[in-house]
Amino acid sequence: MSVPRLYDAFLAEHLRNHRQMAFLGGPRQVGKTTTGRVHSDAYVNWDNLDDRELILAGPRALAERFGLDRLREERPTVLLDELHKYPLWRQFLKGLFDTYADGARFVVTGSSRLDVYRRGGDSLMGRYFFYRMHPFSLAETLTQDLPDSEAIVRPPRHLPPTTWSSLCDYGGYPEPFLKRHRRFARRWQTLRHQQLVREEVRDLTRVQQLDQLEVMARLLSDRSGQRLVFGNLARQIRVSEDTVRRWVATFSDLHLGFLVRPWHRSVARSLRKEPKWYLRDWSSIGDPGARAETLVACHLLKAAEGWTDLGLGDFELGYLRDKDKREVDFVVVRDGDPWFLVEAKWGEAPLSPSLKHFQDQIGAPFAFQVELGMEYVDKDLFAQPGRPLVVPARTFLSQLL
């Protein structure tokens, strides 16, 4: 079943207003190709042998196949999928864009590796905008419109209870979320994990110790929401600490999970503390508290990266912890200044005193304790700054992206 995505609006806005190529990256099976094909007139996939021959023949062959050098009322949009698997893909795209940008528009999609290869050397500088695609979030199930540039948080909207339950139970990846079948979801999760650890890591890196790497993947799967002590992981897996750091970076690049680093106005100070690790798929987490924190983390990351990719500001996601071990799960920073604090809870709990402490310390306008079990309240949480509040996740998350 295909349903509209928020990223349809991302691509439509890009193709309407920009001549640069659109790069659409993100985790495996998040829906990049499906979304790209909705907006394209021609589709070329490196994994298709016939298409591969066309690409290897060079930009002119592709232009002749799709008539890119012919005058038209509307420029055609060409979707190039998995092109980064071609060793000379940057040179190919540079020649294609420089020669035919006036006669066509280009969308480039790929697996989680696209952004890794893109960062390896940017000979395409100025020729593309990069958009990071995420699974479904609560807000995306309610609306697929882009946020207003003047007020980037949305008005609150009520989500049907069945949809909320499905999002919590099955996660936001399109297939399990839309199918909503427990046995299918378990098989899908197992297959995706195996493909990521075995195939993606093997293709992207030169890692030889795949058995130890799989042990580390299992350990990370049980530690979502925890601070990573690299030395402890290294002793458990019997590899060096530097190896553990490289493997965590690889798993982050391939979107098994992501790191949230401690935030401080001094970057050097923040780098001396351990990052926290979160899985990209909260549905496989058994512990309710860790699942709640991971669900909120994934929503916040999607919002911060999406707002940044849309040019609405420079957003980052961090967490707060001091020497007295006071901690707040998340801080969202907007253009260098703390914007709002978030403490995530599964059920009812007293308001964390750390929210007020850190709000006073760093001057964040908003501070929320977000509870997943709390019923929706129809109130704009960002209407005006104020003291820390306990708020429903269903209200808070509906105002994000």
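All figures in this text were calculated on a predicted structure; none of them were measured in a lab. Scope of the values below: all heavy atoms of this structure, side chains included, with no hydrogens, waters or symmetry mates.
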- Let me see the working for R19 and D102 under side-chain contact (heavy atoms from CB on, under 4.5 Å), right down to the final yes or no. CA-CA 8 Å; R19 71 184 296 271; D102 291 336; 3.7 Å; yes

- Task: Test side-chain contact (heavy atoms from CB on, under 4.5 Å) on H357 and D322 and set out the steps.
- Result: CA-CA 11 Å; H357 170 78; D322 63 17; 3.5 Å; yes

- Is there a salt bridge (charged side-chain N to carboxylate O under 4.0 Å, His left out) between R218 and D222 once you walk through the steps? CA-CA 7 Å; R218 286 199 298 271; D222 294 332; over 6 Å; no

- Task: Output, in order, the C-alpha distance, side-chain angles, deciding distance and verdict of side-chain contact (heavy atoms from CB on, under 4.5 Å) for L295 and C168.
- Result: CA-CA 8 Å; L295 183 152; C168 291; 4.1 Å; yes

- Message: Go through it in stages, so that I can follow the logic: the residues are V332 and L317, the test is side-chain contact (heavy atoms from CB on, under 4.5 Å), and I'd like the CA-CA distance, side-chain angles, deciding distance and then a yes or no.
- Response: CA-CA 5 Å; V332 173; L317 178 63; 4.0 Å; yes

- Item | Verdict with supporting geometry, F258 and Y278, ring-ring contact (aromatic ring centres under 6.0 Å, His included) | CA-CA 5 Å; F258 58 95; Y278 292 95; 5.7 Å; yes

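Rounding to the nearest 0.5 Å places CH2 of W307 at 7.0 Å from CG of L401. Rounding to the nearest 0.5 Å gives a distance of 9.5 Å between CD1 of I152 and CG of L400. How far CZ of F129 is from CG of L11: 13.5 Å, rounded to the nearest 0.5 Å. Separating the OH atom in Y173 from the CD atom in Q29 is a distance of 9.0 Å, to the nearest 0.5 Å. Between the CH2 atom in W346 and the CG atom in D287 there is a gap of 9.5 Å [rounded to 0.5 Å]. Atom CG of L300 is separated from atom CD of E305 by 11.5 Å, given to the nearest 0.5 angstrom.
A distance-only check finds a donor-acceptor pair linking the side chain of D51 to the backbone of N45 [under 3.5 Å]. Panel note: side chain D335, backbone G313; no donor-acceptor pair is recorded below 3.5 Å. In this structure a side-chain-to-backbone donor-acceptor pair under 3.5 Å is missing from E274 to L228. At distances below 3.5 Å, at least one donor-acceptor pair connects side-chain atoms of E371 with backbone N or O atoms of A349. Formation of a donor-acceptor pair under 3.5 Å by the R75 side chain with backbone atoms of A101 is found in this model. D324 places no side-chain N or O within donor-acceptor distance of the main-chain N or O of R326, the cut-off being under 3.5 Å. Although no hydrogens or angles enter the test, the distance criterion places no donor-acceptor pair under 3.5 Å between the side chain of K179 and the main chain of A185. Without hydrogens or angle criteria, Q399 side chain to L381 main chain gives a donor-acceptor distance under 3.5 Å. A donor-acceptor pair under 3.5 Å is absent between the side-chain atoms of K32 and the main chain of V108, judged by distance alone. Between the side chain of S398 and the backbone N or O of P156 there is no donor-acceptor pair closer than 3.5 Å.
Not counting sequence neighbours, the partners of E327 by the side chain to side chain donor-acceptor pair (under 3.5 Å) test are K276, R321.
Between M133 and T35, the shortest heavy-atom distance links the atoms CE-OG1, 3.3 Å. Contact between L167 and S137 at its shortest, heavy atoms only, is CD2-C, 4.1 Å. When all heavy atoms of A393 and L372 are compared, the pair lying nearest together is CB-CA, 3.8 Å. Taking both residues in full, the closest heavy atoms of P59 and G95 are given as CG-C, 4.2 Å, listed atom of the first, atom of the second, then distance. Across every non-hydrogen atom of G318 and W263, the tightest pair is CA-CB, 4.4 Å. What you find for Q236 and L219 is that their closest heavy atoms are NE2-CD2, 3.9 Å.
Using the six-membered ring where Trp is involved, F315 and W339 have ring planes that are tilted, between 30° and 60° apart. Classified by interplanar angle (parallel below 30°, tilted 30° to 60°, perpendicular above 60°), the ring pair W46/Y86 is parallel.
Under 4.0 Å is where a charged nitrogen must lie from a carboxylate oxygen, and between R180 and D169 no such pair does. Residues E241 and R245 are paired through a salt bridge, judged by an N-O separation under 4.0 Å between the basic side chain and the carboxylate. Looking at D81 and R37, no side-chain N of the basic residue comes within less than 4.0 Å of a carboxylate O on the acidic one, giving no salt bridge. A salt bridge is absent between D242 and R246: the closest approach of a Lys/Arg side-chain nitrogen to an acidic carboxylate oxygen does not fall below 4.0 angstrom.
By the 4.5 Å heavy-atom criterion applied to side chains, E316 and D314 are not counted as neighbours. With a 4.5 Å cut-off on side-chain heavy atoms, L301 and H134 count as touching. Side-chain contact check for L320 versus I362: some heavy-atom pair is nearer than 4.5 Å. Two residues are said to be in side-chain contact when any heavy atoms from C-beta on lie closer than 4.5 Å; E13 and R16 meet this criterion. Residues I55 and W89 form no side-chain contact, since every pair of their non-hydrogen atoms from C-beta on lies 4.5 Å or further apart. Residues F184 and E175 have side chains in contact (heavy-atom distance under 4.5 Å, counting atoms from C-beta outward). Looking at heavy atoms from C-beta onward, V107 lies out of side-chain contact with Y43 at the 4.5 angstrom threshold. Taking the side chain as every heavy atom from C-beta outward, L62 and L80 approach each other to under 4.5 Å.
Of the options F396, F330, W282, a ring pair (Phe, Tyr, Trp, His ring centres under 6.0 Å) to H299 is made by W282 and by none of the others. Between Y128 and the choices F23, F106, F97, the ring pair (Phe, Tyr, Trp, His ring centres under 6.0 Å) rule is met once, by F23.
Annotation: side-chain hydrogen bond (donor to acceptor under 3.5 Å, both in side chains) contacts involving residues 382-394, sequence neighbours excluded, are absent.
Side-chain N/O atoms of E343 and S354 include no donor and acceptor closer than 3.5 Å. Under 3.5 Å, the side chains of W247 and Q212 contain no donor-acceptor pair of N or O atoms. Inspection of the R105 and T77 side chains reveals an N or O donor paired with an N or O acceptor under 3.5 Å. A donor-acceptor pair shorter than 3.5 Å cannot be found between the side chains of T141 and T163. Checked by atom type, the side-chain pair D8/H39 shows a donor-acceptor distance below 3.5 Å.
Within 6.0 Å of atom CZ in R65, 12 or fewer heavy atoms from other residues, nucleotides or ligands are found, so the atom counts as exposed in its surroundings. Other residues, nucleotides and ligands contribute only 12 or fewer heavy atoms inside 6.0 Å of the CZ atom of R187.
Between Y376 and W164, the distance separating the two ring centers is not shorter than 6.0 angstrom. Side-chain rings of F368 and F382 approach one another, their centers coming within less than 6.0 Å.
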